[in-house]
Engineer: 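One structure, as structure tokens, below. Some questions next.
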There are 2 protein chains.
Amino acid sequence: MNKTLYNTLIELSPICKKDYLSSISVDCVVFGFYNDKLKVLLIQLDGLDAWGLPGGYILKEEDLNKAANRILEERTGAKDIFLNQFKSFGKTNRSENVFKDCPDDLWHKQRYISVAFYALIDYHKVTPVVDKYSAACEWKDVDNLPDFMMDHQTIFESALLQLRKDLNYKPVGLNLLPEKFTMPELQRLYEAILNKELNRGNFYRRMKRYGILNKLDETRKGGAHKAPDLYQFDKEAYKCSLENGLSEIW
Amino acid sequence: MNKTLYNTLIELSPICKKDYLSSISVDCVVFGFYNDKLKVLLIQLDGLDAWGLPGGYILKEEDLNKAANRILEERTGAKDIFLNQFKSFGKTNRSENVFKDCPDDLWHKQRYISVAFYALIDYHKVTPVVDKYSAACEWKDVDNLPDFMMDHQTIFESALLQLRKDLNYKPVGLNLLPEKFTMPELQRLYEAILNKELNRGNFYRRMKRYGILNKLDETRKGGAHKAPDLYQFDKEAYKCSLENGLSEIW
DNA sequence: CCAAAAGTGTTGAACTTACACCCATGA
DNA sequence: TCATGGGTGTAAGTTCAACACTTTTGG
């Protein structure tokens with residue numbers, strides 16, 4: 001840890017102690033989609049090599065979900081992000097050595113239970129914000145990730161697994177794709193999330209069966225080949241299938 | 001609130017403050033199965049009408065999962081319970097008026113973020129324990145529940161929904177049924193969880209296809225009709241399907 | 001016209017659903 | 001023996017994976 005971060009921590013510690021709930025934090029795994037790649041928004045603390053998930057603390061009079069939204073808005077500039085709380089992490093040793101050189105009464109050095117959210121957000125609507133603690137805030141490819149600090153690798157992997165599981169019964173795409181998109185683009189999003197190739201014909205049929213897509217009278221011109229049809233999500237049907245699920249067995 | 005509970009709270013407050021993490025609690029939705037009914041273990045605080053979920057706090061040097069296990073063991077006498085952390089609850093107003101007559105610095109009156117677990121446990125292995133705070137600890141039918149305190153109704157419903165969702169890709173039964181059981185018994189467990197009737201033949205085939213059952217050379221004698229075959233779970237296959245899931249779409 | 005990608009059709013296997021049928025048992 | 005519940009069979013419809021075929025586009 002370098003001196004800048006150390007001084008920032010010492011300076012902010014009493015303020016945090018006053019404003020925030022102790023022992024509890026929020027971490028966000030922010031997914032985006034760009035250039036056929038699934039991305040995740042990571043930050044780098046000043047003077048540390050390892051990267052971490054954007055996170056923060058909960059104000060003493062603030063709802064948990066509100067806190068997650070606020071933290072993400074501060075970090076991305078985007079409002080009303082799709083957020084899904086998926087698990088809390090509370091091993092005693094999870095923060096390990098990051099603050100080992102700091103005084104024991106430093107706010108940030110205490111033990112935290114972290115409530116983790118994953119977020120789906122349009123890559124183009126995000127302006128990564130570098131805050132007081134951090135030296136960088138960048139999108140990273142999920143298949144080419146840097147070293148993580150603390151247990152953030154575990155949290156990230158848990159988020160990706162949860163997202164993949166959610167694909168089984170929730171629609172995904174409204175928050176990750178632009179307004180208009182083609183079937184092949186949607187398919188590549190699914191392939192990026194699942195990290196495996198899907199059969200084109202079967203994917204088309206399944207998506208159509210879900211009934212959440214409106215085919216537009218336009219095609220995506222400009223490619224070197226046949227112009228694919230453009231689609232939009234049917235907002236109502238999408239919302240309905242988000243709430244009621246796409247395929248239950250029982 | 002009656003005087004007994006009030007005095008207990010005042011007495012325990014400083015001890016809690018010393019031993020536990022502040023602002024964070026654990027609540028458990030404990031499911032059991034008895035007499036073809038899905039049950040949930042509830043407690044009643046001394047002098048209150050409404051019922052609540054068994055819960056507790058996290059020791060300052062205790063892992064989150066350990067805490068949940070400890071809390072349940074204290075309450076049920078059972079060890080190594082199947083626990084599934086499914087969500088955390090953190091609305092600012094969630095504890096509402098329960099402690100409104102108590103001093104503001106009472107440990108129990110502070111605002112909590114509660115990490116909720118659901119537990120599946122053999123009804124016969126539980127001995128409900130009434131602790132210092134509570135007047136009662138009893139199994140209740142999930143289709144005939146009393147009034148809940150705080151947001152525990154929400155937490156309970158969320159747990160049941162999660163359990164139903166988990167039925168889609170996890171086996172259930174090892175923790176809720178006795179060692180040996182019949183197909184109709186297993187089916188009635190599923191029906192109790194889902195609160196809907198299932199087709200017998202199709203249920204049989206699905207369970208067999210999962211490959212987690214061993215058919216025994218015994219039948220359940222004593223009923224008024226044809227003696228049904230007895231089954232056991234194949235522990236290895238069960239564990240494997242718990243980890244890898246039973247049916248993924250993609 | 002050609003290559004390549006988009007869109008659609010086909011086919012057999014697997015699974016679901018909804019029944020029907022037979023079997024075993026105690027009353 | 002008979003009512004009842006347990007176990008299995010079957011036929012129609014649906015979904016699936018895999019693959020082939022047709023269409024559309026820019027070069």
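Keep in mind that what you see is a predicted model, and the values were worked out from it rather than measured. Throughout, a chain's letter reflects where its sequence line sits, starting with A, and its residues are numbered from 1.
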Engineer: With sequence neighbours left out, write down each residue that passes ring pair (Phe, Tyr, Trp, His ring centres under 6.0 Å) with B:Tyr34, or none if nothing qualifies.
Structural biologist: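 With sequence neighbours excluded, B:Tyr34 shows a ring pair (Phe, Tyr, Trp, His ring centres under 6.0 Å) to B:Tyr123, B:His124, given in chain and number order.
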Engineer: What residues form a salt bridge (Lys or Arg N to Asp or Glu O under 4.0 Å) with B:Lys208, not counting sequence neighbours?
Structural biologist: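 So B:Lys208 forms no salt bridge (Lys or Arg N to Asp or Glu O under 4.0 Å) with any residue.
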Engineer: Mind checking which nucleotides bracket the chain B contacts on DNA chain C, 5' to 3', with an atom under 4.0 Å from a heavy atom?
Structural biologist: C:dC15 to C:dG26
Engineer: Give every residue pair that meets the side-chain hydrogen bond (donor to acceptor under 3.5 Å, both in side chains) criterion with at least one member in residues 236-250 of chain A, sequence neighbours excluded.
Structural biologist: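 Qualifying pairs, neighbours excluded: A:Glu248-B:Asn168.
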Engineer: Taking the basic N atoms (NZ, or NE/NH1/NH2) and the acidic carboxylate oxygens, is any pair closer than 4.0 Å for A:Lys39 and A:Asp141?
Structural biologist: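 Between A:Asp141 and A:Lys39 there is a salt bridge, with a charged N closer than 4.0 Å to a carboxylate O.
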Engineer: For A:Gly223, report the nucleic acid contact type (base, sugar-phosphate, nothing); a contact means any heavy atom under 4.0 Å.
Structural biologist: sugar-phosphate
Engineer: List the residues meeting salt bridge (Lys or Arg N to Asp or Glu O under 4.0 Å) with A:Lys125, not counting sequence neighbours, and say none if there are none.
Structural biologist: none
Engineer: Can you name the residues that form a ring pair (Phe, Tyr, Trp, His ring centres under 6.0 Å) with B:Phe181, not counting sequence neighbours?
Structural biologist: B:Phe233
Engineer: Provide the start and end nucleotides, 5' to 3', of the part of DNA chain D that has atoms under 4.0 Å from heavy atoms of chain B.
Structural biologist: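 First and last nucleotides in contact are D:dT4 to D:dT10.
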Engineer: For residues 226-234 of chain A, which residues have at least one heavy atom under 4.0 Å from DNA chain C?
Structural biologist: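 Only A:Lys226, A:Pro228, A:Asp229 qualify.
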Engineer: Looking at residues 187-216 of chain B, who's got a heavy atom less than 4.0 Å off DNA chain C?
Structural biologist: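 By residue number: B:Asn199, B:Asn202, B:Arg205, B:Arg206, B:Arg209.
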Engineer: Would you give me the side-chain donor-acceptor pairs under 3.5 Å for residues 77-84 of chain B, sequence neighbours excluded?
Structural biologist:
unit_1  : atom_1 : unit_2   : atom_2 : d
B:Asn84 : ND2    : B:Tyr118 : OH     : 3.2
B:Asn84 : ND2    : B:Asp166 : OD2    : 3.2

Engineer: Once salt bridge (Lys or Arg N to Asp or Glu O under 4.0 Å) is applied, do any residues pair with A:Arg206, and if so which ones, sequence neighbours excluded?
Structural biologist: none
Engineer: Looking at A:Arg94, A:Lys87, A:Arg75, which hits salt bridge (Lys or Arg N to Asp or Glu O under 4.0 Å) with A:Asp27?
Structural biologist: A:Arg94
Engineer: What pairs meet the side-chain hydrogen bond (donor to acceptor under 3.5 Å, both in side chains) rule with one or both residues in residues 216-228 of chain A, with sequence neighbours excluded?
Structural biologist: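 Pairs touching residues 216-228 of chain A that pass the test: A:Lys180-A:Glu218, A:Glu185-A:Arg220.
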Engineer: Report yes if the distance between the aromatic ring centroids of B:Phe117 and B:Phe86 is under 6.0 Å, otherwise no.
Structural biologist: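 No, the ring of B:Phe117 stays outside the 6.0 Å limit from the ring of B:Phe86, centre to centre.
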Engineer: Short question: side chain of B:Asp63, backbone of B:Lys66 - any donor-acceptor pair under 3.5 Å?
Structural biologist: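 No.
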